[in-house]
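Worksheet for the structure shown next.
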Amino acid sequence: MNIELLTLSKVTSISGDSGDFTVIIKQSPRFVDMEKCIACGTCAEKCPAKTSDPFNEGLAKRKAIYVPYAQAVPLKYAIDKNRCIYFQKGKCRACEKFCPTNAIKFDETEKDITLNVGSVILTAGFTPFNPDRFDNYQHAKFPNVITSMEFERILSAGGPFAGHVHRLSDGKEPKKIAWLQCVGSRDLNRCDNEYCSSVCCMYAIKESVIAKEHLGPDFAPAIFFMDMRTHGKDFEKYYERAKAQGVRFVRSRVHTITEIDETGTLNLVYATDTGERVSEDFDMVVLSVGMEPAASAIEAAKTLGVELNSYQFVKTSNISPVATSRKGIYVAGALQGPKDIPQSVVEASAAACSAGISLSASRGTLVKDKQFPAERSVQDEKPRIGVFVCNCGINIGGIADVPAVAAYARGLGDVVYTEEPLFACSQDAQDKMVEVIREHRLNRIVVAACTPRTHEPLFQETIRNAGLNAYLFEMANIRNQCTWVHSGDKEKATEKAKDLVRMAIRRAMLLEPIPSLSVNVNKSALVIGGGVAGMTAALSLADQGFSATIVERSGNLGGSARDVHATWSGEDVQQFLKDLIDRINQHPLITVLTWAQVVDASGFVGNFETRVQAGEKTHILQHGIAIMATGGQAAVTDEYLFGKHPAVTRWHDLENNPEKLTDAGSVVFIQCVGSRDDKRPYCSRVCCTTSVSQAIAIKEKQPDTDVFILYRDIRTFGEREVLYKKAREKGVIFIRYSLESKPVVTETPDGLHVRVFDPILQKELLIHADLVNLATAIEPSPNADIAAFYKVPVNAENFFMEAHAKLRPVDFASDGLFVCGLAHYPKSLDESIAQAMAAAGRAATVLARETIQISPLVSQVNRDMCIGCGLCTEVCPFGAIIQEDVDGKGFKAKNISASCKGCGLCASSCPKKAIDMLHFRDDQIVAAVCAAV
Amino acid sequence: MEQVEPKIVAFLCNWCAYAGADLAGVSRIQHPSNMRTVRVMCSGRVDPIFIVQALKSGCDGVLVAG
Amino acid sequence: MSNKTPVGSVLVVGGGITGMQSALDLADAGYYVYLVEESPAIGGAMAQLDKTFPTNDCSM
């Protein structure tokens, strides 16, 4: 209710400064009244104008009046003026004629909306590269050459072919599909996008694996790539799994695509590693198109007056990754640079945090809370059930016999009132419902209409307005799961509707009021780890007015950034670090505990208690949230003479001892030392960029020094690709090796020898190396204790595991706990900073409140029946049931409501039936089950 | 012989299978009408007793989806 | 910066996954949000994706 959605809208001007901007928005007409439209779809059914459907990438048709997709928010139709026959030719208005709610408004006009805001966040996104501009990809010419976005729609069960993968030329199932990588990326000659789009390798693998699930074991996918860039968390494992499942990876750039027959089969010509020319036929080709800033996004950025970089992405710096050139305006997502979903979500929360910092003095001034009348007690009343059977225009009433359903309901026990509204969700019907509840002293309400997933909250609010508890409500889904899917058989639909209403009524008889549940919030934060991530998180919280304590294991702040000279885009890290530490030390709301370790923790969101041992002293800290920023480190290795020869170093050792370099005639960097192997099956993400940057620095200072980088795939993703190009221009020699034939470093009387097999020359090379620098794996700092104290999970490689890989990249599944920095996964400084700010932004959503409302639909333990077996504690995925030692009675289960998500695993597992779920009690469910037949 | 119409009780998880059944409606995917749905907050909530109860009450099959 | 109290609302331009996340976080942290989207519905490019790694969740 505190988000106002303005669709069909564009920013046209902005004036003012940070804290007080005036923005003018131009809103195009929808020609459909959002208040009246019930998304029944009658208009689209009757609309005679068909047009290409952009949501399905033009692979299907939609009508001129449409919703972009079935689950659209808002789920309201809109008229596409350019396609509407009435707007083009002056006649038709079929939609208006058939609309059951008179929602069509042909006379609606464009309007200007003036907004006064303190801050702006720009997230206008990307557009997929359009390959039609270049004839070598043959996308415009051959039907079986499609883009990856088109393939997503083809795969989708909700797509134009209901998920049935087939060729566009002849409808046949493909047996072989080729994915071509780097279409519109890493290519200065043709498309001018020299950057890597970061996401295409991973989505191509995903598409090939899912296509294989659709098409069966005989389906043969092949991915043609330059470097496989699976640098994200758990991506490398997915790549290995795809190989094992039969996805073929070919390191080659396909140069010619031709159509060989009238069915549309395609021939690809490419060269292999050994220089052999191969000609191979495929049924389809998917172009893995890259990302470009959307034209409308560039326009919006220009309107807002923020600077763009040379690729038209919004310009930011590595040390403030979401701040634009204009104060008070922030950027997040793919408009800042090509990136995947989790990184976009991280930046989204980071930008929210930045805006929150700049506006913290006005937090809470413009938001509203809904007020409700006092709740009526129904405890001593017999159930008096009101049943509202909705017609939903003709959606229900046109198929099921609504009066018959209502009459049937009236005959069931405890039902004292029935009604058949045309639209139960309309404002007038809602108002009437409030009156009726009061007048007839109804104490249980059943609405038979659409789905509770979209409409239960609305009706619950309505009955609260009538003084009833929100949980004295039940819905029967007689539209989505009845009349819409049995429209051919009116009798059976009516019969089923009666059954569903009967089930709802039986359940409603047993419903009980459930008091709302809230917990107080302690408005301070605990940040574990004093590196850049931890400090940034603490500072971002303190700048919003929340106190924070940093617990640092060592004697100094700074963490692993202390070794780093520059970010990948060249900012001075040591200066940044010094400034950051100064700000931490001077901030009145930040406390730093060094030589400190967490020794115990308990509690839940809003109310944690943590014991910290700092030297001799024990601190007991009360805090509302905690952020895990325990960091990581470069691993040691016993490979390549590391630790045995002084000329073999790792990571930043050379940069930090520049005197070693002065006399060096040749320097060899070896990548993936201890990464991407059996022991650590993940990519350490930042090593390629780091080694390439160091190689450039050496070449710039000493052009005559030979610099070699021995690599497996160069993973300079995103705009880091420019560094790779620069290194090659400077004469850095890149030699690829494979896990099966790793380089060999030996000590000889005339220095170090590095032997490596060059797959291009098909020869073993011998390099006389003065220095060998190893990019060893990045591993998380020990975190087993922390994980155990707060009951948060780690993955197989001991990185903390977020709640959801894509959508909740800084949250833990348990509320009030967050993660950022290297403790989550290897990442560059800018990414750590963004994630730390994101963690602070997410934490602010908790700390900004005095109390947090939590869902009261939680488990309830009957302690007299509990035998303390602990099974519930074991199965609970959220740590929401603990075993408490009760005096003289042994262990008894205890529910932590604030952590409980109401799934009911505990209840169904309890051998003594000592646990029940509120609102989904055993007897309530059984009542519905018994009423079903 | 009269055609047998089995009665099926379905326990659907609110977050996935129930949402899927809703979406089938939005997409107007027609299917037989002999299923009666009980919405639960997680398929893990389904106690074996519920299944026994359903069968005892006379249904012919039980679907648990989540 | 002026000494004036800032306006406690934020404009988010773009209703894709990024814009939605920013808007939700800000609203939950006590700021009024205007979410501006140029098409008739929010969702952005992610809504078009079939499934996403690693959970193979449908993007909806």
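Chain letters run A, B, ... following the sequence lines, proteins first, then strands; residues in each count from 1. Reckoned from all heavy atoms, side chains included, excluding hydrogens, waters and symmetry mates.
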Could you check which of [options] has the highest count of heavy-atom pairs closer than 4.5 Å to chain C?
options: A/Val367, A/Leu359, A/Ile154; result: A/Leu359
options: A/Leu335, A/Val11, A/Val120; result: A/Val120
options: A/Ala351, A/Pro68, A/Ala348; result: A/Ala348
options: A/Ile341, A/Thr365, A/Ile205; result: A/Ile341
options: A/Ser119, A/Gly333, A/Ala124; result: A/Ser119
options: A/Gly841, A/Gly159, A/Ala355, A/Ser349; result: A/Ser349

Quick check for you: to the nearest 0.5 Å, what is the distance between [X] atom [atom1] and [Y] atom [atom2]?
X: A/Gln27; Y: C/Glu37; atom1: CD; atom2: CD; result: 11.5 Å
X: A/Thr303; Y: A/Ile24; atom1: OG1; atom2: CD1; result: 11.5 Å
X: A/Met202; Y: A/Tyr238; atom1: CE; atom2: OH; result: 6.0 Å

Portion of [X] that has a non-hydrogen atom of chain C nearer than 4.5 angstrom:
X: A/Ile3; answer: both
X: A/Pro54; answer: backbone
X: A/Tyr330; answer: neither
X: A/Ala78; answer: side chain
X: A/Leu122; answer: both
X: A/Leu155; answer: both
X: A/Ser360; answer: both
X: A/Met149; answer: side chain
X: A/Tyr203; answer: neither
X: A/Lys76; answer: neither
X: A/Val73; answer: both

May I ask you to decide whether [X] forms a salt bridge with [Y], counting only side-chain N to carboxylate O separations under 4.0 Å?
X: C/Asp28; Y: A/Arg842; result: no
X: A/Arg153; Y: C/Asp50; result: no
X: A/Arg241; Y: A/Glu236; result: no

For the backbone of [Y] and the side chain of [X], can you confirm whether one donor and one acceptor N or O come within less than 3.5 Å of each other?
X: A/Ser9; Y: A/Thr7; value: yes
X: A/Glu802; Y: A/Asp811; value: no
X: A/Thr127; Y: A/Pro293; value: no
X: A/Arg30; Y: C/Pro40; value: yes

When you compare the side chains of C/Gln21 and A/Glu347, does any donor N or O come within less than 3.5 Å of an acceptor on the partner?
no
Who wins among C/Gly16, C/Gly44, C/Gly14, C/Gly15 for the most heavy-atom pairs under 4.5 Å with chain A?
C/Gly14
Looking only at heavy atoms and a cut-off of under 4.5 Å, which of C/Ser9, C/Gly19, C/Gly8 has the most pairs with chain A?
C/Ser9
Do the side chains of A/Pro74 and A/Leu5 get nearer than 4.5 Å, heavy atoms only?
yes
